[in-house]
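Notes for the one structure printed next.
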Amino acid sequence: MSSPPRFQAPTGTLDVLPPASARWEQLLAAFATTAGRAGYGLVINPMFEDIGVFLRGIGEGSEVVTKEMYEFRDKGDRHMALRPEGTASVARAFIQHRPGLPFKAWYATPAFRYERPQAGRYRQHHQLGLEAFGVEDPEVDIEVISLAVEFYRALGLSRISLKVNSMGDETCRPAYVELLRVYLSQRADRLCDEHRTKFELNPLRVLDCKREECKSATEEAPALTAHLCEPCRIHHSAVLSGLDDLGVGYSPEFRLVRGFDYYTRTTFEFAAEALGTAQNAAGGGGRYDGLVESLGGPATPGIGFGLGIERLLLACDAEGAMSESTSGLDAFVIDVVGGRSATLITHELRAAGLRVDRAFDGRSMKSQMKAADRSGAAVAVIIGEEEAAAGVATLRPLRGEHEQVKVPRAEVAEAVRRMGRVEARP
RNA sequence: GUGGCCGUAGCUCAGUUGGUUAGAGCGCCAGGUUGUGGCCCUGGAGGUCGGGGGUUCAAGUCCCCUCGGUCACCCCA
């Protein structure tokens, strides 16, 4: 019947179909709840922007921007790009609309990066994130980090580790980078092949290098956290003590260098320890006090957090968290007298707030019963010749110990509710 | 962008040293059971063997190219 598919999802993209998509719904609902409870409102943003938003926002020192961005010219010859992450365009919207401060927002968005796909890495992935603009107080850093922790916990994930660092600011970072540059130049021969010649470009990257040579060469390297200016030092220690006070476990990690240029002061990253794959970052974020200004807005501090849905679900799989649930249908209507009764009854039951499906195409009772069984519904509502003549419906429980009963048409909704409630569904 | 491994039915796979009309299990549809799902039995639908080219009397099987998947590097969610 079918020839080989002419079209398929582009490399590195994913189709998420039911029933697997049910977990996406749960995940989104859980995130909306966590963020909403803390006063963060949903922001819906374009998936593409003038490319400058990302070049100036995320920065040209980031490979996500220089090598991986989907860029194009539209029919008006505007140079656009698909968003590679969420924060820069939320910042752009903040500048454009000037909402009152603090501006606390959350988002769910696809993100696009042209890379070779592998476990937990796609060309289109989906991010959940939240941002707080206009607050310099370290207490908001603690809020953002703890909301992330709370979200992981809400999903039932336990093997998530947290690393925290500070990137300093424009006062203390340049001096530190120079210090690191000198340190590295004295040990250049011990660095990995790539960084031996390129460490000058971005010395911070060497700290993050996974190769053994770089790791051992930087073991004794000066830490930025030890060279922060006084305001950054006070900020950083307030964040750490706040996490302590909330009982949030973390490890300080002076090697933690995140991929976007906009970070200042607090940066953090969550790793899913249950994932044995190379891509185990389950989320991360940090403070970006210079971002709004670099996009042409008023100097406004900010901090945010983002995570990738696909990767988070892999972590859930690895931990056995958030397993797929059944359909949750309350009833399945079977009609062997033409199908119109099913139309009327499903309509009534749905209006009564029940979740109800049915079969079409006038199939045999046996076939409809099979469909009812497969649907996961708790109860089959059967209309045959007898029921149609008598103005009743037969209710047959599909799980559990109830007896099959006949009820008047007007009482079907109530009877379905009764039958479904008593049987605890797994 | 670089490298390893892998592409046979919707899914998981078998297919001998190249040898007739390519198989199984699960799933799907129908029947056994003309008013009852799950278990069982029977039957059916479903494949241009990822695509293209080549070698050969003969290719799912060998060779080349290509597309896709997967894992790793790199980078990150």
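Everything numeric here is computed off the predicted structure, so don't read it as measured data. All values below come from the heavy atoms of this structure, side chains included, with hydrogens, waters and symmetry mates left out. Below, read A as the first sequence line, B as the second, and so on, with proteins coming before strands; counting in each chain starts at 1.
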B:G51 versus B:U33 - spacing of their C1' atoms, nearest Å: 48 Å

Could you state the CD-P distance from A:Glu115 to B:C73, rounded to the nearest angstrom? 13 Å

No-hydrogen, no-angle side-chain donor-acceptor test under 3.5 Å, A:Glu220 and A:Tyr183: no

Taking only the side-chain heavy atoms of A:Glu387 (C-beta and beyond), determine which of B:G31, B:G35, B:C76 contains the nearest atom. B:G35

Using a heavy-atom cut-off of under 4.0 Å over every strand shown, decide if A:Gly12 touches base, sugar-phosphate, or nothing. sugar-phosphate

Would you indicate what A:Gln368 reaches in the nucleic acid, counting non-hydrogen atoms under 4.0 angstrom: base, sugar-phosphate, or nothing? nothing

Looking only at side-chain N and O atoms, does A:Arg121 come under 4.0 Å of OP1 or OP2 in B:C74? no

Rounded to whole Å, how long is the line connecting atom CE of A:Met369 with atom C1' of B:U33? 14 Å

Let me spell it out: for each of A:Ser367 and A:Gln404, pick the nucleotide of RNA chain B with the closest heavy atom. Which residue's pick is nearer the 5' end? A:Ser367

Take atom P in B:G60 and the same atom in B:A9, then report the distance between them in whole Å. 14 Å

Whole-angstrom distance between B:G46 and B:A24, as gauged at atom C1': 15 Å

Intra- and inter-strand pairing of RNA chain B, written as dot-bracket with Watson-Crick and G-U pairs under 3.5 Å and | for the latter, reads (((((((..((((.....[...)))).(((((.......))))).....(((((..]....))))))))))))....

Counting just side-chain N and O atoms, does A:Gln127 come under 4.0 Å of either OP1 or OP2 of B:A77? no

Nucleotide nearest A:Phe260 when distance is taken to its side chain, options B:G37, B:C75, B:A77: B:A77

Is the distance from OP1 or OP2 of B:C29 to the nearest side-chain N or O of A:Arg363 less than 4.0 Å? yes

Please tell me if A:Arg116 has a side-chain N or O lying less than 4.0 Å from either OP1 or OP2 of B:G68. no

Send over the distance from A:Glu68 CD to B:A77 C1', rounded to a whole Å. 11 Å

Minimum-distance nucleotide (side-chain atoms of A:Glu63 versus B:C75, B:G37, B:A77): B:C75

Does B:A77 have OP1 or OP2 sitting under 4.0 Å from an N or O in the side chain of A:Arg258? yes

Does A:Arg181 make a cation-pi contact with A:Phe199 (under 6.0 Å, within 45 degrees of the axis)? no

If you measure from the P atom in B:G7 to the same atom in B:U12, how many Å do you get, rounded? 12 Å

Fit a plane to each ring of A:Tyr176 and A:His227, take the angle between them on a 0 to 90° scale, and name the class: parallel (under 30°), tilted (30 to 60°) or perpendicular (over 60°). tilted

Quick one: label A:Ala111 by what it contacts on the DNA or RNA (base, sugar-phosphate, nothing), any heavy atom closer than 4.0 Å. nothing

Aromatic contact, A:Tyr250 with A:Phe270 (centres under 6.0 Å): no

To the side chain of A:Glu385, which of B:C71, B:U36, B:G35 is closest? B:G35

With the side chain defined as heavy atoms from C-beta on, A:Arg374 is closest, among B:C71, B:A77, B:C29, to B:C29

Whole-Å distance between B:A77 P and A:Lys163 NZ? 13 Å

In terms of the nearest nucleotide of RNA chain B, which residue is placed more toward the 5' end: A:Pro10 or A:Ile309? A:Pro10

For B:C75 and A:Ser62 - does any side-chain N or O of the residue sit under 4.0 Å from the phosphate oxygens OP1/OP2? no

Would you kindly check whether a donor in the side chain of A:Arg396 faces an acceptor in the base of B:G37, or vice versa, at under 3.5 angstrom? yes

Side chain of A:Ala281 - closest among B:C75, B:A77, B:U2: B:A77

Could you check whether A:Ala119 gets within reach of a base, just the sugar-phosphate, or nothing at all, counting any heavy atom under 4.0 Å? sugar-phosphate

Expressed in angstrom and rounded to an integer, what is the separation of A:Lys406 atom NZ from B:U36 atom P? 12 Å

Within the structure provided, determine whether A:His125 and A:Leu14 are in side-chain contact (heavy-atom separation under 4.5 Å). no

Euclidean distance for C1', B:A59 against B:G53 (whole angstrom): 13 Å

Please determine, by modelled atom types, if A:Ser89 and A:Arg83 share a side-chain donor-acceptor pair under 3.5 angstrom. yes

Under a 4.0 Å N-O cut-off, is there an ion pair linking A:Lys370 with A:Asp373? no

Considering only heavy side-chain atoms of A:Lys366, the closest of B:C71, B:C76, B:G31 is B:G31

Taking atom types as modelled, is there a side-chain donor on A:His235 or A:Asp169 under 3.5 Å from an acceptor on the other? no

Can you check the A:Asp335 CG to B:G35 P distance for me, whole Å? 14 Å

Looking at the base of B:C74, is there any donor atom on it, or on the side chain of A:Gln118, that sits under 3.5 Å from an acceptor on the other one? yes

Taking atom P in both B:C11 and B:U48, what distance in whole Å separates the two? 12 Å

Give the rounded distance in Å between these two atoms: CD of A:Gln8 and P of B:G50. 13 Å

Picking from B:G1, B:A77, B:C74, the nucleotide nearest the side-chain atoms of A:Tyr114 would be B:G1

Looking only at the side chain of A:Ser364 (C-beta and beyond, no hydrogens), which of the listed nucleotides B:C75, B:G37, B:G31 gets closest? B:G31

Please check the phosphate of B:G37 (OP1 and OP2 only) for any side-chain N or O of A:Arg399 closer than 4.0 Å. no

A:Ser158 and A:Glu319 side chains, donor-acceptor separation under 3.5 Å: yes

Rounding to an integer number of angstrom, what distance separates B:G68 and B:G31 when you compare their C1' atoms? 40 Å

When you compare B:G47 with B:C28, how far apart are their C1' atoms, in angstrom units rounded to a whole number? 16 Å

Got A:Leu312 and A:Leu128 here, is their nearest side-chain heavy-atom distance under 4.5 Å? no

What is the separation between atom CG on A:Leu128 and atom P on B:C76, rounded to the nearest whole Å? 20 Å

Is A:Asp330 salt-bridged to A:Arg350, cutoff N-O under 4.0 Å? no

